[in-house]
Amino acid sequence: MNGNEDVLILAIESSCDETAAAVVRNGREVLSNVISSQIALHTLYGGVVPEIASRKHIEKINQVIEEALAEAKVGLSDITAIGVTYGPGLVGALLVGVAEAKAIAYAAGKPLVGVHHIEGHVSANFIEHPDLEPPFVCLIVSGGHTHLVVVKDYGKFEIIGRTRDDAAGEAFDKVARAIGLGYPGGPKVDRAAKEGNKHAVEFPRAKVEGAPYDFSFSGLKSSVLNYINHEKMLGKEICVPDLAASFQNAVVESLVSRAVAAAQEYGYDKLAIAGGVASNTALREGMREACEKAGLKLYYPSPIYCTDNAAMIGVAAYYEYQNGTRAGWDLNAVPNLRLGER
Ligand code: KG4
Ligand code: ZN
């Protein structure tokens, strides 16, 4: 035993293309955060191949967990509970983490806590911001999700906006492919845009009629594709940095304007961002400027806690554990698990 009242969570994350394990103390202190990324492997195919992801998770998961325990200098007997992402995500990938977590929890006689992946992303903000406590507004922008939520309490969300089509990260990935930057698109567009003029091409900012906090990115993606085709037909060279910067600016403006307006209208003075796209430099910059103007306090995690990791799952699992959430041995992967559902 760890000899005091500390709650130590061993957390496991395998919902997409990162095999990850972490040990988190008392919900806020990361003792270890081990991530085995499959990005190099999937790059060969231009995107995540689900079957390959599952196989790689199986190969790596034991090693990653052993490393996480060793780095944290704890043994399984010191662990209070096992937290695991059970959805949303790729079913085969999720199953690897869920089966592993169940096996460890059963063998070691520890409680098991199922964690919603998006709740994990939101919770990443608690790691480096000891002052951040609910309620606050959070914009979650990842490869599969774009949500604007009020975090009413730990694990309690009110969804006030969502994407009607592509997620923000998905738009980055698709546009990156179209302009020849390859996979993973987000970081590559981010980098290319630094050399470009964000006003070179004015792309439309879609609004969803009657839903001021909803997002839509598929029209923007089509506009980029149309622009590329049009320029090619005219025999013109495409300036990749200008195109990347202009596209990114359109995404950033629609994210920033809605998130800030929502925080103001709902009456919260704290705004957080989360998910892979939250590490985008233009989004951070745009948010900083807008929040300063609006008198809002802005929070975002370090890039390592924005993209998929298990530390964020450990934080969410801690608060769920404290709320009494426990999973049974029948815990299953739920690929389309919705936020706020159990
Ligand atoms: O949260 P995450 O690691 O996985 C999901 O839960 O989906 O997010 C991955 C997404 C990818 O679409 C990736 O292109 C995007 O986050 N991303 C970025 C940046 N870094 C990662 N998008 C824009 N700018 C970045 N710097
Ligand atoms: Zn994620």
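Whatever order the structure lists them in is the order used to number ligands and atoms, beginning at 1. Please read these numbers as outputs of a predicted model, since none were measured by experiment. One-based numbering along the sequence shown.
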Which residue is it: Tyr227, Phe172, Phe217? I am looking for the one with a ring-ring contact (aromatic ring centres under 6.0 Å, His included) to Phe247.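 Single ring-ring contact (aromatic ring centres under 6.0 Å, His included) partner of Phe247 among Tyr227, Phe172, Phe217: Phe172.
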Tell me, please: is [X] in heavy-atom contact with ligand 1, that is, under 4.0 Å?
{"X": "His121", "value": "yes"}
{"X": "Pro187", "value": "yes"}
{"X": "Arg191", "value": "no"}

Treating Ser14 as the side-chain partner and Ala93 as the backbone partner, does any N or O pair qualify as donor plus acceptor under 3.5 Å?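 Indeed, once roles are kept as given, a pair shorter than 3.5 Å links the two residues.
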Under the 3.5 angstrom rule, does the side chain of His117 hit a backbone N or O of Ile313 as a donor-acceptor pair?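 No; zero donor-acceptor contacts below 3.5 Å.
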Closer than 2.8 Å to the Zn ion (ligand 2), do we get an N, O or S atom from His117, backbone or side chain?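 So His117 does bind the Zn ion (ligand 2) by this criterion.
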Short check: any N/O/S atom of His121 below 2.8 Å from the Zn ion (ligand 2)?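 It does; at least one qualifying atom falls short of 2.8 Å.
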Does any N or O of ligand 1 fall below 3.5 Å from an N or O anywhere on [X], backbone included?
{"X": "Pro184", "value": "no"}
{"X": "Thr307", "value": "no"}
{"X": "Gly144", "value": "yes"}
{"X": "Thr281", "value": "no"}

Subset of ligand 1 atoms that lie under 4.0 Å from at least one heavy atom of [X]:
{"X": "Gly169", "answer": "12 (O)"}
{"X": "Gly143", "answer": "5 (C), 7 (O), 8 (O), 9 (C), 10 (C), 12 (O)"}
{"X": "His117", "answer": "6 (O)"}
{"X": "Asp173", "answer": "11 (C), 12 (O), 13 (C), 14 (O)"}
{"X": "Gly276", "answer": "1 (O), 2 (P), 8 (O), 16 (O), 17 (N), 18 (C), 19 (C), 20 (N), 21 (C)"}

Among all protein heavy atoms, pick out the one at the shortest distance from atom 18 (C) of ligand 1; state its residue, atom name and that distance to 0.1 Å.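 Looking at atom 18 (C) of ligand 1, the protein heavy atom closest to it is Gly186 CA, 3.4 Å.
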Does a side-chain N-to-carboxylate-O contact under 4.0 Å join Arg288 and Glu292?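 No, Arg288 and Glu292 are not salt-bridged.
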Could you tell me whether Tyr266 atom OH has more than 12 heavy atoms of other residues or ligands within 6.0 Å of it?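 Above 12, so yes.
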Is it the case that atom NZ in Lys60 sees more than 12 heavy atoms from other parts of the structure closer than 6.0 Å?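 Atom NZ in Lys60 is not packed in, count stays at 12 or less.
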Glu13-Ser15 side chain donor-acceptor pair, cut-off 3.5 Å: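 Yes, a side-chain donor-acceptor pair sits under 3.5 Å.
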May I ask you to check whether Asp166 and Ser218 show a side-chain donor-acceptor distance below 3.5 Å?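 No, Ser218 and Asp166 have no side-chain donor paired with an acceptor closer than 3.5 Å.
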Nearest to the Zn ion (ligand 2) - the N/O/S atom of Asp308, by atom name: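 Closest to the Zn ion (ligand 2) among those atoms: OD1.
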Exactly one of Val149, Val208, Leu148 should register a side chain to side chain contact (heavy atoms under 4.5 Å, CB included) with Tyr213. Which one does?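 Result for side chain to side chain contact (heavy atoms under 4.5 Å, CB included) with Tyr213: Leu148.
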Chi angles and distances behind the side chain to side chain donor-acceptor pair (under 3.5 Å) call for Asn197, Asp242: CA-CA 5 Å; Asn197 170 11; Asp242 280 357; 5.3 Å; no
